[in-house]
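Each remark here refers to the structure printed beneath this line.
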Amino acid sequence: MKRIQYKDFSWNLHQKAGNKPIVCQMELTFRCPLDCAHCYTGCYNRKGSLKSELSTRQVKTILDKCKESGVVWLCFTGGDPLVRKDFPEIYTYAKKLGFLINVFTSLIPLNKKMVSLFKRYPPFNIETTLNAAEAVAYRQITGRRFFNKHSEAIKILLKNKLPIRVKTQVTRQNIAQIKKIKRMVESWKLKFRPSTMVFARLNQDASVCNLRLPPEEAASVNKKYGYFEEEYLPQKRPEIKDLIGVPEGNKLFRCAIGGHAFWVSPQGRMFLCNCLRRPDYDLLKKDSAISRGFYLLNKSVQRMKFKTSSYCRRCKYSFICSWCPGRACLEKKSLEEPIEYFCCLTQATLKANKSKGQ
């Protein structure tokens, strides 16, 4: 059998997929042992959320539907999926179906049984977010005293040669720690992967946006350390100058929504954007299918147009701005309302990019 590099495999599959769903982000729960101030799902991190979560059988049914529709990549996320007592059963079932699996976790629930499971059925990647390099700062950000447990869990995965990625959410709370976090992560021979993006919570609580870095500082951090989310694009990012231009038409969604990916909520609802959960599609219905839901949701969002004279409608920087209807809906309670912070961030990014080229 001919061997090819993963990046070539991924690129080829994305090219051949057309408009078919091949990536599923499955939120198994909103529960998490941490209580990070910036977390956009933190508003639902409550004990009562357990009652509305999918049962083991329901999760397996949806996984079967994913397999039938041709999904290749599967991400178990939340919240923290490891807090579910049936996670080992769900994970093993998904592995035997043949998915390439990512697991997004705080690592706090990690135990010997879980490590053994991952060694027997290795995931494609395990990703965790470490936002501090010291116990005091860690507690201030997460509300918990788990710094040593978190860092030790990372070391355990490395010792067992399991694939681990460490991300860092950079905010006003930990900007002073960024160099220390970088040194700590790189001491484990891992890549430092910072993100400066903070969004309003799913219940439209925009107070968390106060944790954002000032636009000029965010642009500086992105320039100095790199913005890791760009690596998830199937193609290389074009030069900024090639993306500047007044968009044609009144199409509302100008992002990658509906390209190849979809989300599934802890209640079994399918949607196309993690920030915008309407329209959605009920995967618990007996006759539901991933392909059918993907088609209907795509049809719905792709025909949505600007209805107001929003500044974002004809902005020539729209293709490099972090604004999108989903983020606007959470922060401004309107799909079309501009977000001033992103306007300023775009200008700061252009300025930083220009100085970089000089």
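These numbers were taken from a predicted model, which means no experiment stands behind them.
- For the salt bridge (charged side-chain N to carboxylate O under 4.0 Å, His left out) test, no residue two or more places apart in sequence or in another chain qualifies with Glu337.
- Here the OH-CZ distance, from Tyr44 to Phe30, works out to 7.0 Å after rounding to the nearest 0.5 Å.
- With sequence neighbours excluded, no residue forms a salt bridge (charged side-chain N to carboxylate O under 4.0 Å, His left out) with Glu216.
- With contacts defined as side-chain heavy-atom distances shorter than 4.5 Å, the pair Trp73/Cys24 does not qualify.
- Within the 4.5 Å cutoff, the side chain of Phe76 has no heavy atoms near those of the Phe104 side chain.
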For this session: Assess whether side chain to side chain contact (heavy atoms under 4.5 Å, CB included) is satisfied between Leu74 and Leu100, documenting all intermediate values.
Result: CA-CA 6 Å; Leu74 175 67; Leu100 292 175; over 6 Å; no
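- For the side-chain contact (heavy atoms from CB on, under 4.5 Å) with Asn131, the qualifying choice from Ile178, Leu34, Thr142, Thr168 is Thr168, the only one to do so.
- Centroid-to-centroid, the aromatic rings of Tyr91 and Phe118 come within less than 6.0 Å.
- By the salt bridge (charged side-chain N to carboxylate O under 4.0 Å, His left out) test, Asp35 pairs with no residue at all, sequence neighbours left out.
- Between Ile154 atom CD1 and Leu162 atom CG the span is 13.0 Å, to the nearest 0.5 Å.
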Exercise. Is there a side chain to side chain contact (heavy atoms under 4.5 Å, CB included) between Arg269 and Asp282 once you walk through the steps?
Worked result: CA-CA 5 Å; Arg269 312 296 297 193; Asp282 188 358; 3.3 Å; yes
Problem set entry | Intermediate values then yes/no, side chain to side chain contact (heavy atoms under 4.5 Å, CB included), Lys251 and Gln302 | CA-CA 8 Å; Lys251 186 177 180 181; Gln302 296 304 330; 2.9 Å; yes
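- A distance-only check finds a donor-acceptor pair linking the side chain of Lys67 to the backbone of Leu97 [under 3.5 Å].
- Surrounding NZ of Lys333 are more than 12 heavy atoms belonging to other residues, nucleotides or ligands, all under 6.0 Å away.
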Exercise. So Arg212 and Glu331, salt bridge (charged side-chain N to carboxylate O under 4.0 Å, His left out) or not? Walk me through it.
Worked result: CA-CA 13 Å; Arg212 289 171 175 157; Glu331 188 167 344; 2.7 Å; yes
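- In summary, the side chains of Gln267 and Ser52 do present a donor paired with an acceptor at a separation below 3.5 Å, with no hydrogens or angles considered.
- Taking Glu89 as the reference, Lys60 meet the side chain to side chain donor-acceptor pair (under 3.5 Å) condition, with sequence neighbours excluded.
- The closest side-chain heavy-atom distance from Ser265 to Arg277 is below 4.5 Å.
- His260 places a side-chain heavy atom less than 4.5 Å from the side chain of Ile22.
- Remark: side-chain polar atoms of Asn174 are not paired, donor with acceptor, to backbone N or O of Gln177 under 3.5 angstrom.
- Linking Ile, Leu, Val, Met, Phe, Trp and Tyr residues whenever their side-chain heavy atoms come within less than 4.5 Å leaves Leu211 and Phe342 in two separate clusters.
- Between Ser309 and Arg314 the shortest side-chain heavy-atom distance does not fall below 4.5 Å.
- A distance below 6.0 Å separates the ring centres of Tyr225 and Phe192.
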Exercise. Given Lys155 and Glu152, is the salt bridge (charged side-chain N to carboxylate O under 4.0 Å, His left out) satisfied, shown in steps?
Worked result: CA-CA 5 Å; Lys155 294 176 185 178; Glu152 284 303 312; 3.4 Å; yes
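- Cluster membership check: Met26 does not share its hydrophobic cluster with Leu202, using side-chain heavy-atom separations under 4.5 Å among Ile, Leu, Val, Met, Phe, Trp and Tyr.
- Shortest non-hydrogen contact noted between Cys32 and Asn45 is N-OD1, 2.9 Å.
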Exercise. After noting the C-alpha distance and the side-chain angles of Phe319 and Arg254, does the key distance pass the side chain to side chain contact (heavy atoms under 4.5 Å, CB included) rule?
Worked result: CA-CA 7 Å; Phe319 293 108; Arg254 296 163 179 173; 4.0 Å; yes
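- Residues Arg313 and Glu336 have side chains not in contact (no heavy-atom distance under 4.5 Å, counting atoms from C-beta outward).
- Formation of a donor-acceptor pair under 3.5 Å by the Asn125 side chain with backbone atoms of Glu127 is not found in this model.
- Atom OG1 of Thr61 is separated from atom CG of Leu54 by 9.5 Å, given to the nearest 0.5 angstrom.
- Residues Phe199 and Leu272 fall within the same hydrophobic cluster, defined by Ile, Leu, Val, Met, Phe, Trp and Tyr side chains chained together at heavy-atom separations under 4.5 Å.
- A donor-acceptor contact shorter than 3.5 Å is absent between the side chain of Glu68 and the backbone of Ile290.
- With Glu186 as the fixed residue, the side-chain hydrogen bond (donor to acceptor under 3.5 Å, both in side chains) test singles out one of Lys189, Lys182, Arg183: Lys182.
- Within 6.0 Å of atom CD in Gln58, more than 12 heavy atoms from other residues, nucleotides or ligands are found, so the atom counts as buried in its surroundings.
- Both the sub-6.0 Å distance and the 45° axial angle are not jointly satisfied by Arg303 relative to the ring of Phe253.
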Exercise. How far apart are the C-alpha atoms of Asp86 and Arg84, what are their side-chain angles, what is the distance that settles it, and do they pass the salt bridge (charged side-chain N to carboxylate O under 4.0 Å, His left out) test?
Worked result: CA-CA 5 Å; Asp86 59 355; Arg84 285 189 57 136; 2.7 Å; yes
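- Between Ala328 and Trp323, the closest heavy-atom pair is CB-NE1, 3.4 Å.
- Here the closest non-hydrogen pair linking Ala132 and Met184 is O-SD, 4.4 Å.
- Every salt bridge (charged side-chain N to carboxylate O under 4.0 Å, His left out) that Arg31 has, sequence neighbours left out, goes to Glu53.
- In this view, Asn274 and Tyr40 satisfy the side chain to side chain donor-acceptor pair (under 3.5 Å) rule, not counting sequence neighbours.
- Side chain to side chain, Thr128 and His150 meet the donor-acceptor criterion of an N or O pair below 3.5 Å.
- Checking side-chain atoms of Asn160 against main-chain N and O of Leu157 turns up no donor-acceptor pair under 3.5 Å.
- Across Ala348 and Pro215, no two heavy atoms sit closer than the pair CB-O, 3.8 Å.
- Under the 4.5 Å side-chain criterion, counting only non-hydrogen atoms from C-beta, Phe294 is not in contact with Lys299.
- With contacts defined as side-chain heavy-atom distances shorter than 4.5 Å, the pair Ser310/Pro338 qualifies.
- Other residues, nucleotides and ligands contribute more than 12 heavy atoms inside 6.0 Å of the NZ atom of Lys305.
- Note: the hydrophobic cluster containing Ile141 does not contain Val208 (ILVMFWY, side chain heavy atoms under 4.5 Å, direct or indirect links).
- Taken from SG in Cys312 to OH in Tyr317, the straight-line distance is 14.0 Å, to the nearest 0.5 Å.
- Residue Tyr93 places its OH atom among more than 12 non-hydrogen atoms of other residues, nucleotides or ligands, all under 6.0 Å distant.
- Follow the hydrophobic side-chain contacts under 4.5 Å out from Ile108 and you reach Leu28 in the same cluster.
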For this session: Please report the C-alpha distance between Arg172 and Glu217 in whole Å, then the side-chain angles of each, then the deciding distance to 0.1 Å, and finally whether the salt bridge (charged side-chain N to carboxylate O under 4.0 Å, His left out) criterion is met.
Result: CA-CA 10 Å; Arg172 292 176 184 269; Glu217 190 169 15; over 6 Å; no
